[in-house]
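Side-chain atoms are counted along with the backbone in the values below, which use heavy atoms only and exclude waters and symmetry mates. A, B, ... follow the sequence lines: proteins, then strands. Residue 1 opens every chain.
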Amino acid sequence: MSDQPIIQVRDLHISIDMDEGTLTPVRGVSFEIHPGETLGLVGESGCGKSLTSKAILGINEKKCHARGEILFRDGEDRVTDMLKLDPRGKAIRAIRGSQISMIFQEPMVAFSPMYTIGNQINECTRLHITKDKKESKAITLEMMKKVGIANAEKRYDQFPHEFSGGMLQRALIAMALVCRPRLLIADEPTTALDVTIQAQILELMQELQKELGMAILFITHDLGTVAKMCDRVAVMYLGRIVETGTAREIYRNPQHPYTRGLMNSVHKIGTRKLDRLFSIEGTVPLALNLKDGCGFFDRCGERTEGICDLKEPELYCLGGTHCAACVRCREEVTGGA
Amino acid sequence: MGRYIGRRVLTFIPILLIMSIVIFFIIQLPPGDYLTSYVAGLKAEGQIVDESEMESLKERYGLDQPWFIQYFKWMWGILTRFDFGYSFDYEKPVWPVIAEVLPMTIIVSLATMLFNYLVGIPIGIYSAVHQYSIGDYCFTFVGFLGMAVPNFLFAILLMYGTYIWTGTAFIGLYTSDILVGLQQGTLQWYDLLLRGDFWGRMAIPIIVIGTSGTCGTLRSMRAQMLDELGRNYVLCARAKGVSERRIIYKYCLRAALNPTVSGLSGVLSHIFNGSTISAIVMNLQLVGPRLYNALKAQDMYLAGTILLVMGFLIVLGTLLSDILLAWLDPRIRFSGRRGEG
Amino acid sequence: MTRADRKTLRAIKKAEKAKKKEEKYYLASQWQLMARKLGRHKLARVSMVILGFLYLVALFGDFLAPYSLTAYDADAKDMPPTPIHFMYGDEFIGPYVFPSKWETLKMSVAEMSRAKKEAAERGETFSTRQIVTDETSPQKLQWLVHGSPYRILGIFESDIHLFGVEKGKIFLFGSDNLGRDLFSRIILGGQVSLTIPFAGTLLSFVLGLLIGSISGYFGGWVDNVIQRIIEVLNSLPSLPLWMALSAAIPAGIPPVRMYLLITVILSLIGWTGLARVVRGKFMSLKNEDYILAARLAGVSDMKIILKHMVPGFMSYLIVNLTLGIPSMIIGETSMSFLGLGIQAPATSWGVLLKEAQNVTNIVSHPWCLIPLFFVVLTVLAFNFLGDGMRDAADPYK
């Protein structure tokens with residue numbers, strides 16, 4: 001396994017033109033994922049996680065303009081900038097579904113109600129692997145069995161409304177993995193499921209990752225899941241990565257006040273009933289006409305007026321892989337202002 | 001599927017029955033009856049009236065009895081003898097009077113329906129896929145205008161237009177040699193289907209009758225397609241590398257057709273509305289003008305039968321659209337219910 | 001207090017004001033929100049202005065129309081729209097018209113066909129009818145003139161008309177084959193054409209609400225029967241049914257009763273769609289917890305319906321109503337056009353369009369198509385307004 005990253009996102013910006021002005025939901029995001037690795041992208045809703053992940057596949061709506069670089073290294077070590085490809089063209093379609101594939105948040109609406117599950121998974125097989133009907137059906141059935149769909153032959157001819165939520169998510173995973181992609185993007189794959197099913201699905205994903213050796217970009221707002229699944233974590237806030245590091249570093253020693261806020265708001269077993277769960281005050285502001293200064297300023301409990309509201313802090317690294325975008329870290333790195 | 005169809009067919013029988021009652025009640029509303037005033041008129045003119053024939057008509061249809069007895073006699077005649085009553089105005093049974101114009105009415109209606117869908121659906125798709133483009137704006141504007149101009153006024157405008165361009169007024173459905181052929185019996189209505197000059201002549205009525213419905217189809221198709229294009233499964237299909245064209249035709253179109261298909265009976269009644277009045281204005285040999293004259297002359301059995309035939313055809317259309325819908329949408333097939341919308 | 005203090009105070013006040021405004025937005029009722037969204041919908045706004053104007057004109061129609069419904073002038077049949085001039089010679093004298101009428105004249109040689117020319121050379125004379133304008137006596141437009149008496153809103157008697165001319169006639173939109181002023185007739189016909197759909201819609205609204213809620217609230221066999229009837233009415237094409245019903249109106253009844261009957265006929269078929277919607281909403285609302293709670297608290301059926309259920313889908317109904325008006329307008333126009341609706345002496349746009357029934361008439365008097373413009377304008381305006389209202393009522397937009 002080469003140690004070259006499978007995907008490198010460099011300084012990704014996404015803007016959306018609206019009547020009221022230009023929205024900038026993603027503002028300079030960079031990260032990379034190596035083979036076999038899982039990167040967790042964490043943040044509240046509206047922070048730009050989903051847009052970032054869809055930008056990799058080039059499936060954002062037309063009104064979203066992306067700039068920066070998204071370098072994808074395919075099986076033959078060729079590097080392509082995904083942003084340079086025509087989002088409706090043949091080249092990018094050949095990558096989608098076969099080299100990079102995606103699992104969506106709500107399996108109930110990810111399938112068209114009009115066609116059988118088998119038809120929809122098999123479409124992927126036939127697009128990317130083989131045109132032969134028998135062969136492709138065999139491959140599809142094999143993958144359906146692999147993701148734990150019992151009675152796959154019968155299930156193949158059933159419609160989405162005959163599946164339960166958990167089963168549909170398995171089918172969705174089968175559809176994403178049937179071409180054995182190098183990178184799997186999982187956009188909150190368990191949020192719409194029951195807790196017991198969540199655990200099953202996560203385990204399934206880990207097993208399949210081991211077996212197929214793919215990299216995963218795991219998007220979630222649930223820090224508990226991140227701890228279970230991810231090697232490295234990137235925390236996003238208001239379109240920027242505010243903290244990044246290995247999962248251990250982030251959990252042991254969160255640096256950014258936002259990350260700490262997220263940590264504290266996770267419900268822990270053993271806390272007393274009467275204790276109120278911690279919550280970060282306010283909501284993610286709309287990325288429209290942003291002020292100078294740190295995006296978290298208004299909600300931060302540790303802000304320093306006169307410093308934090310002047311300039312947006314860069315990522316400061318605390319040695320190793322652990323970096324955070326907060327002036328307090330700069331103080332630590334440089335030994336005080 | 002077979003059971004589903006059977007069940008649907010059964011539910012249409014009570015509807016047809018209630019419909020016949022409603023229609024009969026309406027057409028007997030005008031005070032007096034045709035026969036009495038007709039006989040009185042003939043007598044006043046000093047003509048000889050065949051009293052015995054009049055009596056037998058009166059007896060046969062129960063003309064001097066309350067309306068529901070008349071209704072039962074009428075219904076009984078239809079069900080047992082296929083006798084739809086007697087047209088006093090044409091002085092012969094109703095069915096032949098209608099049969100003269102019914103094939104052409106059905107042909108015009110089917111052709112209009114074809115026009116409706118063949119024009120409305122593709123433009124609706126185009127408008128949705130190219131939302132907010134210049135083409136979309138143009139079609140939206142035309143769509144609104146087409147829905148706002150009443151059929152008959154559109155007929156007048158087109159007739160005016162053809163007069164200005166060609167110098168001859170458009171009157172009637174047939175060219176003179178077709179008309180002669182039909183009258184002499186050398187031509188049958190089905191012979192016309194293969195004649196180019198007939199279809200050239202048909203173009204104007206079809207456009208006139210079909211435009212408002214087509215604009216309706218266009219608008220609903222556009223809205224449905226936009227709705228479907230925004231669904232998550234589209235994103236999912238895109239993510240697995242399916243081409244845009246295939247996404248539109250395999251996934252969205254099939255789902256978007258659902259409400260369009262379930263609106264089939266609405267389109268049909270729209271066509272009957274349009275063809276009735278346009279046929280009167282443009283003097284087309286369809287059932288519309290006969291209905292109009294029958295209503296004015298209180299020729300109740302003729303009017304009632306025409307209404308009944310129209311209603312029956314629309315019910316038939318509903319049945320067909322239900323079956324088509326069940327074929328299109330597996331959810332309906334399984335639950336046996338009609339989709340909302 | 002220093003200047004800086006005052007400045008901060010002002011800033012605080014301003015912020016409070018802004019906050020209040022924001023709060024007002026959040027506390028605004030459903031209706032206020034709808035009105036606000038509707039105001040932002042450009043086409044709907046324009047449509048509202050147009051409709052407001054049309055209805056105002058109809059309201060004050062007798063005052064705005066220079067002539068009454070019954071006025072005619074045998075000397076001014078089929079006159080084209082009267083041109084309005086401003087300059088007389090080199091002098092500006094304000095808007096005026098020349099009195100004009102049809103006269104039989106000796107045909108000039110230039111107008112004759114070749115055959116007629118030859119005959120004329122043999123001494124025959126031909127005559128032609130022509131409009132002759134008397135250019136020597138310009139008739140200034142006079143404002144607020146006395147004319148035929150009328151009653152505004154059926155109460156105030158008056159005989160003052162907005163404008164008129166002393167000698168001759170003024171036909172802004174031309175005249176018909178009896179010499180009646182089309183402009184006046186369009187305004188007076190608008191009173192019928194614009195109000196019948198409104199009254200019909202209101203009536204079908206009441207019918208739909210009543211029948212729909214009975215069907216939805218009680219369910220069971222009542223619902224079943226009502227649903228079958230609705231299906232039947234929906235399976236019959238509306239126009240032939242309207243025709244059949246209006247054929248039952250006896251001839252020669254007074255205009256007011258005819259007006260009411262037509263309204264009833266239109267609404268007899270219009271209520272089904274609304275009843276379906278109401279029923280559906282009732283079915284879904286019936287199982288809501290707050291309805292159950294009200295029932296458990298012993299609230300009467302009627303009160304539950306009126307106080308708890310109907311407000312829940314009122315906005316939806318109003319949108320539906322607005323979208324239903326255009327088909328009623330077209331329905332009334334079509335029936336009157338066929339001679340099955342409004343009858344003389346009353347008039348409506350459909351009656352006026354009867355003049356446009358044959359092509360030769362349109363070719364020789366194109367101005368008889370002017371009522372068409374008003375029909376289309378009204379229908380379009382209601383369509384756009386309904387569309388805007390639908391968007392505004394959708395809480396997810």
Measure [X] against the heavy atoms of chain B and call it side chain, backbone, both or neither at under 4.5 Å.
{"X": "Ile92(A)", "value": "neither"}
{"X": "Phe111(A)", "value": "backbone"}
{"X": "Gln105(A)", "value": "neither"}
{"X": "Met114(A)", "value": "both"}

>> Quick check on Arg238(B) against chain A: is it the side chain, the backbone, both or neither that has a heavy atom closer than 4.5 Å?
In response: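 Both parts, heavy atoms under 4.5 Å.
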> Given a strict heavy-atom distance threshold of 4.5 Å, which part of Val234(B) is in contact with chain A: side chain, backbone, both, or neither?
Replying inline: neither
Taking the side chain as C-beta and beyond, is there a heavy-atom pair between [X] and [Y] under 4.5 Å?
{"X": "Arg231(B)", "Y": "Val109(A)", "result": "no"}
{"X": "Lys54(A)", "Y": "Leu235(B)", "result": "yes"}
{"X": "Pro113(A)", "Y": "Tyr233(B)", "result": "yes"}

> Taking atom SG of Cys236(B) and atom CD of Gln120(A), what is their separation to the nearest 0.5 Å?
Replying inline: 8.0 Å
> For Tyr115(A), does its backbone N or O pair with a side-chain atom of Tyr251(B) as donor and acceptor, under 3.5 Å?
Replying inline: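 Side chain of Tyr251(B) to backbone of Tyr115(A), a donor-acceptor pair under 3.5 Å: no, none is there.
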> Looking only at atom types and distance, does a side-chain atom of His128(A) sit under 3.5 Å from a main-chain N or O of Lys240(B), one as donor and one as acceptor?
Replying inline: yes
>> Just checking Leu10(B): does its CG atom have more than 12 heavy atoms from other residues, nucleotides or ligands closer to it than 6.0 angstrom?
In response: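 It does: Leu10(B) CG has more than 12 such atoms within range.
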> Closest approach of Arg96(A) and Ala239(B), non-hydrogen atoms and distance?
Replying inline: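 In terms of heavy atoms, the two residues are closest at CB-O, 3.4 Å.
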> Top residue by heavy-atom pair count (under 4.5 Å) with chain B, among Thr116(A), Ile103(A), Leu57(A), Leu127(A)?
Replying inline: Leu127(A)
